[in-house]
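The chains referred to below are lettered A, B, ... by the order of the sequence lines, with proteins before strands, and numbering in each begins at 1. Keep in mind that the numbers below use all heavy atoms, side chains included, and drop hydrogens, waters and symmetry copies.
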Protein chains: 2
Amino acid sequence: MTRLDTLAPAGREPATAAACCALAKTPVSVAESERLAPIFKALGDPVRLRLASLIAAAPEVCVCEISPLFELSSGTISHHLKTLREAGLVGSERRGTYVFYWIEPEVLGSLSALLAVDCC
Amino acid sequence: MTRLDTLAPAGREPATAAACCALAKTPVSVAESERLAPIFKALGDPVRLRLASLIAAAPEVCVCEISPLFELSSGTISHHLKTLREAGLVGSERRGTYVFYWIEPEVLGSLSALLAVDCC
DNA sequence: TCCTTGTCTTGATGAATGTCGAAACAACAG
DNA sequence: CTGTTGTTTCGACATTCATCAAGACAAGGA
């Protein structure tokens, strides 16, 4: 876990819009519920919620910085990161030896908008 | 499912505050992650997400209005509603024959604030 | 009182999930 | 090329979960 700062982060591109207060305004359709539920489910585990939070708190984070914060095997951490990735909540990229993760703010934001109350 | 409108809804009381952008600002603690994850998990099932949405779309809803919208046994619906109740996302009350559910906007709002990006 | 209707609880069961250890893969340094 | 370190994948296992059918409970009407 050394010399991480010598690896320059790549540029990320902006966002997509999201309906505001959608949960309360109009009942979500069956299709929407099946699309959104896995994203909430990905956040529905304490380990993954902390992982997402740690990743969101910095522009990007190396797995090697995250792992020591959990008393879990590297396989388990990798499995949880994969779940977050498949939910679209985070992106990842290998740069040399290390793998870096970043949050996808649009997805987070769309969930936030969905759950917002009295915003419009 | 008749004459539901003759049953007057009870009054609900206001909210509690929630930290904004907490997910990104400071990593959530282990304790917080264990408190919050079950709430996300409750929303992490398509049936429960639709249930929450249907309940949120009206001041309150009778179970008898919800059930026919799902092709599931009443036991299963009741089980999912219990999960939402235990997560604190909804409240319920029996009035005579029927049981009514309403959303708890504070909980929804605190999740929304937690996930919000660039709000402050 | 008994019956009907609405809701919840209780097993039971197959599927999904979280975890580990071990093996595999990737990148780099000698 | 060989060894080392970081990360992911694989196989196995115990636990949790979504669902149903059936029974229990609650409230009101005949």
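B:Ser53 OG to A:Leu115 CG: the interatomic distance, rounded to the nearest 0.5 Å, is 10.5 Å. With values rounded to the nearest 0.5 angstrom, A:Ser78 atom OG is found 12.0 Å from A:Leu72 atom CG. The distance from atom CD1 of A:Ile55 to atom CD1 of A:Ile103, rounded to the nearest 0.5 Å, is 6.0 Å.
B:Ser33 places a side-chain N or O within 3.5 Å of a backbone atom of B:Val30 that can act as its donor or acceptor partner. Not a single donor-acceptor pair under 3.5 Å links the side chain of B:Glu86 to the backbone N or O of B:Thr83.
Going from atom CZ of B:Arg95 over to atom P of D:dG28 covers 12 Å, rounded to whole Å. One interatomic measurement links the two molecules: CG of B:Leu51 to P of C:dC8, which rounds to 11 Å at whole-angstrom precision. Rounded to whole Å, atom C1' of C:dT9 lies 13 Å from atom CD of B:Glu86. Rounded to an integer number of Å, the gap from B:Phe100 CZ to C:dC8 P is 12 Å. Computed from coordinates, the A:Tyr98 OH to D:dT4 C1' distance equals 12 Å when rounded to whole Å. For A:Leu84 and C:dG18, the CG to P distance is 11 Å, given to the nearest whole Å. At whole-Å resolution of the value, NE2 in B:His80 and P in C:dT7 are 16 Å apart. Separating the CD atom of B:Glu93 from the P atom of C:dT7 is a distance of 14 Å, rounded to the nearest angstrom.
Looking at residues two or more places apart in sequence or on another chain, you find a salt bridge (Lys or Arg N to Asp or Glu O under 4.0 Å) between A:Arg35 and A:Glu32. For A:Ser112, the side-chain hydrogen bond (donor to acceptor under 3.5 Å, both in side chains) partners two or more places apart in sequence, or in a different chain, are B:Ser112. Every residue meeting the side-chain hydrogen bond (donor to acceptor under 3.5 Å, both in side chains) condition with A:Arg85, not counting sequence neighbours, appears here in chain and number order: A:Tyr101.
Nearest heavy-atom pair, B:Gly109 versus A:Val117, reported as atom, atom and distance to 0.1 Å: CA-CG2, 4.1 Å. In terms of heavy atoms, A:Gly88 sits closest to A:Val107 at O-CG2, 3.3 Å. A:Pro59 and A:Trp102 make their closest contact through O-CB, 3.3 Å (heavy atoms, listed as atom of the first residue, atom of the second, distance). Considering all non-hydrogen atoms of both residues, B:Leu108 and B:Leu89 come closest at CD1-CD2, 3.8 Å.
Near DNA chain D, meaning a heavy atom under 4.0 Å from it, residues 30-39 of chain B has no residue at all. Non-hydrogen atoms lying under 4.0 Å from DNA chain D are contributed by B:Lys41, B:Asp45, B:Arg48, all within residues 40-49 of chain B.
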Could you go over nucleotides 8-10 of chain D and give all protein N or O partners under 3.5 Å, atom names and distances?
from	atom 1	to	atom 2	distance (Å)
D:dT8	OP1	A:Tyr101	OH	2.9
D:dT8	OP2	A:Ser78	OG	3.1
D:dT8	O5'	A:Ser78	OG	3.2

Restricting both atoms to N or O, compile the protein contacts to nucleotides 13-15 of chain D shorter than 3.5 Å, with distance only.
none

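Annotation: side-chain hydrogen bond (donor to acceptor under 3.5 Å, both in side chains) contacts involving residues 68-77 of chain B, sequence neighbours excluded, comprise B:Ser73-B:Thr76.
Judged by the 6.0 Å and 45° rule, A:Arg95 forms a cation-pi pair with A:Phe100.
In this structure, the helix from C:dT1-D:dA30 to C:dG30-D:dC1 shows an angle of 10° between the axis at its start and the axis at its end, each fitted on 5 base pairs and rounded to 10°.
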- request: Begin from the C-alpha positions of A:Val28 and A:Leu23 and carry the test side-chain contact (heavy atoms from CB on, under 4.5 Å) through to its verdict.
  value: CA-CA 6 Å; A:Val28 301; A:Leu23 190 69; 4.3 Å; yes
I'd like a table of donor-acceptor pairs (distance under 3.5 Å, sequence neighbours excluded) in which one partner is a side-chain atom from residues 37-51 of chain B, with atom names and distances.
from	atom 1	to	atom 2	distance (Å)
B:Asp45	OD1	B:Val47	N	2.9
B:Asp45	OD1	B:Arg48	N	3.3
B:Arg48	NE	B:Ala42	O	2.7
B:Arg48	NH1	B:His80	ND1	3.1
B:Arg48	NH2	B:Lys41	O	3.3
B:Arg50	NH2	B:Leu69	O	3.4

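Within the 4.0 Å cut-off from OP1 or OP2 of D:dA27, not a single side-chain nitrogen or oxygen of B:Thr97 is found.
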